[in-house]
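Report on the structure given below.
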Amino acid sequence: LVAQLTDGSVWVTNLFSSEGWQQIDGLYLTGDVSAANYNYDGTDILLLSSGTDGLYMIKNRTGYVCGSAPKFTSITIHNERVFGAVGGNTNQVWFSDDFNPLNWRVSSDEAGYINFADECGEVIKVVSFTGYLFIFREYGIARLKAYGDQAEFVLNKLFTDVGHIVKDSIAICGNRIVFYAETGIFTFDGYEVSRLSFDLPELDASANLIGAYLDDYYYLSCTRIVDDKEERCVIRYDLAHKEQAVLSDIRVRALLKVNVKGGAKVLCAFEGKDANMLGEMSKSGAVMGVNTKKLYRSGKAMPLSSAIKTVRSISLVTENPIAVTLIADGKRYEYPLEGSKNMQTVRVEHWGRRLSFELSTDEAEAYVLPMSADVDILEV
């Protein structure tokens, strides 16, 4: 596992042993780094690049500069070549010589590049997927067929109408790619783009949005708007069951899927008070051992109706202790419940014209089946 610190230093540790962190001597990277694994001459290496640092290689825990390569904002490995995106005025995708990530000499049988000068904006990311190289632009996607001889490369522009695509939200999710654009969250199977039918909160697309995927879950670190205020959070989308959960008030600056003993994990790096720690995404219901507060808030019941609504009772099944709150015309009525596998019913007898409900708990876990309420309506 390789980590870049805020001072630009680069550190490494072994995920499969108990050794500590070791600094890579002389290697400092200040930009937003993209990385790719490569097996070069039988040795595993890690390539690192950014738009300000150029291309570097870590081999046997030693850093080397690849001086002839451009300064890439995104790199990937595809069919034994390194492909890299160069944004800005240049707006190109470069590719190395095949089987040689250190050779960037442009010729018909070595390295080369592809220029983009249309209305789709900058090249933001390159992704190797389903036998093709996909080139994500700010406002579109291109597909490159790239095998062996560069003279036989075939580039196709794919139709997309999703608005501005956010670079760091792009993640390979099994047999599809998931990403965030200004009009929602989308999946891409290599041919077509489809919008996911999630009820999204309002997100600040100008802030960092970072995506990662593991076991049918797509994680998105983002900034959402709640009651006209910004809140950093991580949203976990269950792609199989079309459900979502939100971990509020947490500042994540990086997400990464890694292989570890016994499987894989999504690791996260933080900002703020936990900036010197690494965490992992889990279903523990806690952050660094501290239980999170869980809150479900309904919409207002029939907000346009002037009828008087009297809530006689509330019924639900909760396996963990929670508090049920009725909010009637701004007044709050709270009812604590113990955990049980049986249906529990609370007598309420409060009324109002505008009603909403909240369920909250500080327990590590919360399992609540859909709530029902017995309500009398009096039209006036």
Side-chain angles (χ1 to χ4, degrees), residues 1-5 8-86 92-114 123 125-135 144-155 172 256-261 264 267:
L1 182 67
V2 175
Q4 173 200 15
L5 275 59
S9 61
V10 179
W11 297 70
V12 61
T13 189
N14 192 326
L15 283 168
F16 302 97
S17 72
S18 58
E19 71 174 48
W21 288 89
Q22 173 188 338
Q23 185 175 359
I24 304 295
D25 290 337
L27 182 55
Y28 287 85
L29 302 172
T30 58
D32 182 12
V33 174
S34 176
N37 296 294
Y38 193 91
N39 188 280
Y40 179 48
D41 285 344
T43 301
D44 290 331
I45 65 173
L46 182 68
L47 296 169
L48 305 136
S49 184
S50 79
T52 58
D53 296 304
L55 183 65
Y56 288 80
M57 172 180 69
I58 297 178
K59 179 181 179 181
N60 296 326
R61 303 201 176 190
T62 302
Y64 303 90
V65 62
C66 306
S68 62
K71 295 179 179 179
F72 297 121
T73 56
S74 172
I75 57 174
T76 192
I77 310 302
H78 181 70
N79 290 338
E80 305 305 330
R81 296 182 189 263
V82 180
F83 283 80
V86 181
Q92 299 171 329
V93 168
W94 281 67
F95 50 89
S96 72
D97 190 9
D98 52 352
F99 300 101
N100 189 351
L102 308 184
N103 182 3
W104 295 92
R105 186 168 51 249
V106 175
S107 73
S108 61
D109 59 355
E110 294 177 279
Y113 59 86
I114 303 167
V123 177
K125 191 158 187 172
V126 284
V127 179
S128 180
F129 178 67
T130 64
Y132 295 95
L133 182 83
F134 291 95
I135 301 165
L144 180 67
K145 182 180 179 181
Y147 294 99
D149 187 351
Q150 60 178 276
E152 298 180 1
F153 286 9
V154 178
L155 182 68
I172 296 178
L256 179 68
K257 176 185 174 182
V258 298
N259 294 322
V260 297
K261 288 183 178 179
L267 301 187

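- By the 4.5 Å heavy-atom criterion applied to side chains, D53 and T30 are counted as neighbours.
- A donor-acceptor pair is defined here as one N or O able to donate and one able to accept, closer than 3.5 Å; no such pair exists between the side chain of Q23 and the backbone of S9.
- A side-chain contact (heavy atoms from CB on, under 4.5 Å) with I24 is found for one member of V2, T62, V12 and no other, namely V12.
- Annotation for L102 and C66: closest pair CD2-SG, 3.5 Å, computed over non-hydrogen atoms.
- Without hydrogens or angle criteria, T76 side chain to V127 main chain gives no donor-acceptor distance under 3.5 Å.
- The side-chain heavy atoms of L55 and I75, taken from C-beta on, include a pair separated by under 4.5 Å.
- If you check the side chains of T43 and D41, you find no donor sitting under 3.5 Å from an acceptor.
- Using cut-offs of 30° and 60° on the angle between ring planes, the pair F95 and F83 is tilted.
- For the pair W104 and V82, the tightest heavy-atom approach, listed with the atom from each and the gap, is CH2-O, 3.5 Å.
- For N79 (side chain) and A146 (main-chain N/O), a donor-acceptor pair under 3.5 Å exists by modelled atom type.
- Taking every heavy atom of both residues into account, S107 and D109 meet most closely at OG-OD1, 3.0 Å.
- No donor-acceptor distance shorter than 3.5 angstrom exists from the side chain of T13 to the backbone of L1, with no hydrogens or angles considered.
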> What do the steps show when you test T73 against D32 for side-chain hydrogen bond (donor to acceptor under 3.5 Å, both in side chains), and what is the final call?
Replying inline: CA-CA 7 Å; T73 56; D32 182 12; over 6 Å; no
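- Considering every non-hydrogen atom in both A35 and L48, the closest pair reads CB-CD2, 3.9 Å.
- With E152 contributing its side chain and K145 its backbone, the two residues share no donor-acceptor pair below 3.5 Å.
- Although no hydrogens or angles enter the test, the distance criterion places no donor-acceptor pair under 3.5 Å between the side chain of S128 and the main chain of L133.
- Without hydrogens or angle criteria, Y147 side chain to G131 main chain gives a donor-acceptor distance under 3.5 Å.
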